[in-house]
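So the structure is just underneath, and the comments pick up after that.
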Amino acid sequence: MDLQPSEPRSTTGHRYTACHAAPSSSVSAAHRLACQQVRQITCTVFADIVDREMVRRDRRHAMSHIRQIALYVSHVALSLPLWEVAIYFGRDRSTASITCQKVEDRRDDPGFDAFVTAVEQAVQPVLETLQAGAQ
């Protein structure tokens with residue numbers, strides 16, 4: 001099963017042009033790469049623990065959860081500005097903010113919290129690379 005993330009797209013399926021946020025050229029290449037890596041790591045962790053039959057039945061729903069968690073981890077664990085994370089994930093800044101709030105609320109569930117914690121731990125090398133590049 002292929003759970004590779006696609007390019008950032010709007011909810012209408014068109015490539016996001018960042019019309020509601022800062023220009024995409026202002027998003028640093030390092031932050032864009034970090035978000036891409038977080039998304040890939042989230043896909044990998046998700047694929048390792050989730051029932052594959054469930055994903056086959058509702059792939060769109062699964063990819064939505066992966067995107068939400070990756071967005072949240074990119075902002076919270078990597079301390080990337082929300083507007084940059086929003087641009088990369090093809091979302092408006094306010095939508096990204098609501099997504100982060102929803103993921104934070106869902107962390108009350110021990111299983112969900114364990115999953116997000118596993119993703120946060122898996123992205124530590126990405127954080128270290130970002131910190132090393134900033135020096």
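All values below come from the heavy atoms of this structure, side chains included, with hydrogens, waters and symmetry mates left out.
Q36 CD to F89 CZ: the interatomic distance, rounded to the nearest 0.5 Å, is 9.5 Å. Rounding to the nearest 0.5 Å gives a distance of 11.0 Å between CZ of R67 and SG of C43. T129 contributes atom OG1, which lies 10.0 Å from atom CG of L78 (distance to the nearest 0.5 angstrom). Taken to the nearest 0.5 Å, the OG1 atom of T42 stands 13.5 Å off from the NE2 atom of H65. L71 CG to I66 CD1: the interatomic distance, rounded to the nearest 0.5 Å, is 13.5 Å.
At a threshold of 4.5 Å between non-hydrogen side-chain atoms, the residues R39 and S74 do not count as touching. Residues K102 and Q68 fail the side-chain proximity criterion, which asks for heavy atoms closer than 4.5 Å. You'll find the side chain of I69 reaches within 4.5 Å of the side chain of V116, heavy atoms only. Looking only at side-chain heavy atoms (C-beta outward), E120 and Y72 come within less than 4.5 Å of each other. When side chains are defined from C-beta on, L80 counts as touching H31, because their heavy atoms get closer than 4.5 Å.
A cation-pi arrangement is absent between R32 and Y88 under the rule of less than 6.0 angstrom and at most 45 degrees off the ring axis.
For the pair R91 and E84, the salt-bridge criterion is not met [side-chain N within less than 4.0 Å of a carboxylate O].
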With side-chain contact (heavy atoms from CB on, under 4.5 Å) as the criterion, how do R107 and T117 come out once you've worked through the C-alpha distance, each side chain's angles and the decisive distance to 0.1 Å?
CA-CA 9 Å; R107 289 194 82 169; T117 301; 3.0 Å; yes

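Residues meeting the salt bridge (charged side-chain N to carboxylate O under 4.0 Å, His left out) test with D109, sequence neighbours left out: none. Checked against side chain to side chain contact (heavy atoms under 4.5 Å, CB included), S97 has the following partners two or more places apart in sequence or in another chain: L82, R93, Q101. Annotation: side chain to side chain donor-acceptor pair (under 3.5 Å) contacts of Q37 (sequence neighbours excluded): none.
When all heavy atoms are compared, the tightest approach of A70 to V38 is O-CG1, 3.5 Å. What you find for A77 and V123 is that their closest heavy atoms are CB-CG2, 4.4 Å. Nearest heavy-atom pair across A30 and L130 is O-CD2, 3.9 Å.
V126 and L33 sit in two unconnected hydrophobic clusters of ILVMFWY residues. Membership requires side-chain heavy atoms under 4.5 Å apart, directly or through other members.
Relative ring orientation between F115 and F112 is described as tilted, the plane-to-plane angle lying within the 30° to 60° band.
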